[in-house]
Amino acid sequence: MYSFHPACIVEALYYIVMRLLIINPGSTSTKVSVFDDEIAVFTESVFHDAPVLLAFNCVNDQLPFRKNVVMNLLEKHDIPLSSIDVFVGRGGTAYSQCEGVMYIDQRLYEDTRDDKGGSDHPAKLGVMMAYEFGTELSKPMFTLNPTNVDEFIPLARITGVKGIYRRAQSHVLNQKGIARIHAAKLGKCYEDCSFIVSHIDGGITISAHRKGRMIDGTEGAGGDGPFTPTRLGSIPIMETARYLENHKPQEMEAMCSRSGGFVSHFGTSDASKVHALAEKGDEHAALVWETMIYQISKSIGSMATVLEGNVDAILLTGGLVRYKSIVDGIVKRCSWIAPVTVYPGEVEQEELAFRVLRVMRGKEEARRYTGKPVFSGFPWDGNS
């Protein structure tokens, strides 16, 4: 097992170039970068349509496939795995944690693999791949802001059923990165602002950010919020019950993250194909496309009430904001709340690389995985 951190090692590493491998698996893609310090050697994203990923029974079964994608990209760019100094993977599905850089150790790997946090999102494969590569080569390995960073206020947790609570599960890495960038453009600190941030891609999450904390948000892979290219979104509970009379629970679980949304309607998670159908006048595709925009806007509106109308900006980010119809539809319905600013794509690779570089240079402390969730219940549950 790699043992890291004598201060002398950190100080020495500051003066040499460090090569970082950044692994970022998403619901419809695997994005890989190599950085030499702050310089990107390459960044490349490989799209995976739903039929390819649905051939695997669960996300864990995708691991060899995704590792092969990473190795092929390294080979394509003539970068030996042995040249990597630090492995960094996007994470999620272990127990919820606080914001910040975290060491990847065996306990985090195992809890990620075993979905201790109660979800099954492909982001977990970033931690798993970084751990397997890092242990093989005895190199340091880190993650940052997994999908289940939990900063919810108590009001955001309670449901109408005692003991069932809403969970924090979103695109934390990109949302916080974009929020910090926009705050800087306003001449402010993220911790002094209130934003509604919408990550819109294969998965979609909308969160309320107040003074540096994500106090509420939609649970992307948990059957909450807008439907997406791969996710079913919020549906009435009684309709869910009726569906389960003739279907297995595993089918519903898969639709939360892999086979809902566009996949359910059209058999593909490729938004460009659905958009093309809508543009050609296909009534079904046009209605589904517009409904997705409508549901995103509804969620933004709900987060405005969470922030009591005190919203500095609405920030739209993710791959699907490249479509003018999505941006225009949201602006039409939501611009009365606050100014809308668009950040196409995402900044996840840079966030992962630059924050880990700060740790390697001794400018920031990495945390250890606690093996315990941030929230485990209220006093009346008897286990908080």
Task: Exam field: side chain T268 to backbone A50, donor-acceptor pair closer than 3.5 Å - done: no
TODO: Please tell me if the side chains of I22 and E350 come closer than 4.5 Å, counting only heavy atoms from C-beta onward.
DONE: no
Task: N60 side chain vs R113 backbone, donor-acceptor pair below 3.5 Å - done: yes
TODO: Could you tell me whether the side chains of D105 and Y369 share a donor-acceptor contact shorter than 3.5 Å?
DONE: no
Task: Any donor-acceptor N or O pair under 3.5 Å, side chains D312, S194 - done: no
Open item on the list: If the threshold is 4.0 Å, N to carboxylate O, is there a salt bridge linking R157 and E219?
Closed with: no
TODO: Could you list all the ring-ring contact (aromatic ring centres under 6.0 Å, His included) pairs where at least one residue sits in residues 104-130, not counting sequence neighbours?
DONE: Y109-Y131
- [ ] For V52, enumerate each residue passing the side-chain contact (heavy atoms from CB on, under 4.5 Å) test, keeping only those at least two apart in sequence or located in another chain.
- [x] F65
Task: Residues in salt bridge (Lys or Arg N to Asp or Glu O under 4.0 Å) contact with D224, at least two apart in sequence or another chain - done: R166
Open item on the list: Could you work out, with salt bridge (Lys or Arg N to Asp or Glu O under 4.0 Å) as the rule, every residue matching R19, not counting sequence neighbours?
Closed with: D36
Open item on the list: If hydrophobic clusters are built by linking Ile, Leu, Val, Met, Phe, Trp and Tyr wherever their side-chain heavy atoms come under 4.5 Å apart, do W336 and I293 end up in the same one?
Closed with: yes
Open item on the list: Taking transitive links into account, so neighbours of neighbours count too, which hydrophobic residues share a cluster with M255 at under 4.5 Å side-chain distance?
Closed with: L232, I235, Y243, L244, M252
Open item on the list: Ring of F133, cation from K67 - is the NZ or CZ under 6.0 Å from the centre and inside 45° of the axis?
Closed with: yes
Task: Path from I178 to V327 over hydrophobic side-chain contacts below 4.5 Å - done: no
- [ ] Would you please name every residue forming a side chain to side chain donor-acceptor pair (under 3.5 Å) with H182, sequence neighbours left out?
- [x] Y343
Open item on the list: With no hydrogens and no angle check, just 3.5 Å: does a side-chain donor-acceptor pair link Q175 and T205?
Closed with: yes
